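A short write-up of the structure that comes next.
Only this structure's heavy atoms are used, side chains among them; waters, hydrogens and symmetry mates stay out. Note that the structure is predicted; figures quoted are calculated from it, not measured. We count ligands from 1, going down the list as the structure has it; atoms in each ligand are counted the same way. We're numbering straight along the sequence, starting at 1.
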Amino acid sequence: MLITPQNSGLDAAKRLRAGLLGTRQRLAAAAAACARDVSDIRLLAVTKGQPLESIQAAAQLGQIDFAESYVQEALQKMACLQGSPLVWHYIGQLQANKTRAVAENFDWVHTVDRERVARRLHEHRPHYAGALNICIQINIGAELGKGGIQSHELLPLARRIAGLSGVRLRGLMCIPPATGLYDAQLHHFQQLGHQLQTLREAGFEVDTLSMGMSADLEAAIAAGATMVRIGTAIFGERQ
Ligand SMILES: *Cc1c(COP(=O)(O)O)cnc(C)c1O
């Protein structure tokens, strides 16, 4: 059979459908395995490096939450998708000179690891938009060159952020070292869960654990993830 643009597009749509439905099934199975309600776990479709058509196709299958890592790429996609009631999550490293665009266009930021960035997000958040939901990223494996604070820095940072009305601290996010081993991932995710507990005991009303990617979502859910960020398992390899 000749591969025309039309039927290769059809194949792509079929693959995406299989990827998304398969991922939803993985979430449901992982939740059932630890007696959690799957509706307590939000699936974020990570669309960095994926074309606009994939976002549209996923949205048509009921996907609401989308996550991007590069501001410019995300803004271009958003401009083409205006009118769709999608929720946008920023999950990339945040440079201070990009905070305005992020504060104006995203609903969530998962990667706050400095007071300065939180303060700029607060300052740039438009009043009509309500407070920007943010998570503090913890460098849970203490890896060199990776974003995120060390655990002992959490309470001081959370306290400084608490007074900023333009942002609302919702919880914690991590990207542990990718070991491919369930127990190692679980260990790191449980540590993030303990840090969330620490925040709660200090009086913060936080409800979000953003953790788990394509390779380790089961361990994340077992450790209490409320948001998993999934790219390749839904969409295939990035371009
Ligand atoms: C790319 C990315 C993901 C998705 O990773 P997959 O392995 O493709 O599921 C999740 N979180 C962050 C922060 C990312 O940058």
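Rounding to the nearest 0.5 angstrom, the gap separating the CD1 atom in Ile136 from the CG atom in Asp113 is 9.5 Å.
Between Lys48 and Glu68 there is no salt bridge, since no side-chain N of the basic residue sits under 4.0 Å from a carboxylate O of the acidic one.
In this pair, Phe66 and Trp88 present their aromatic rings tilted. The plane angle is within the 30 to 60° band.
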For ligand 1, find each of its N or O atoms that sits under 3.5 Å from a protein N or O atom, and tabulate the pairs with distances to one decimal place.
unit_1   : atom_1 : unit_2 : atom_2 : d
ligand 1 : 8 (O)  : Thr232 : N      : 2.8
ligand 1 : 8 (O)  : Thr232 : OG1    : 3.1
ligand 1 : 8 (O)  : Arg238 : NH1    : 2.8
ligand 1 : 8 (O)  : Arg238 : NH2    : 3.3
ligand 1 : 9 (O)  : Ser214 : N      : 3.0
ligand 1 : 9 (O)  : Ser214 : OG     : 2.5
ligand 1 : 9 (O)  : Gly231 : N      : 2.8
ligand 1 : 11 (N) : Arg229 : NE     : 2.9
ligand 1 : 15 (O) : Lys48  : NZ     : 2.6

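Between the side chain of Arg26 and the backbone N or O of Ser214, at least one donor-acceptor pair lies under 3.5 Å. With hydrogens and angles ignored, the 3.5 Å screen pairs no side-chain donor or acceptor of Tyr90 with any backbone N or O of Phe106.
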Distance-only criterion, 3.5 Å: show the donor-acceptor pairs between side-chain atoms of residues 145-158 and protein atoms not counting sequence neighbours.
unit_1 : atom_1 : unit_2 : atom_2 : d
Lys146 : NZ     : Glu143 : OE1    : 2.7
Lys146 : NZ     : Ile175 : O      : 2.9
Glu153 : OE1    : Gln150 : N      : 2.6

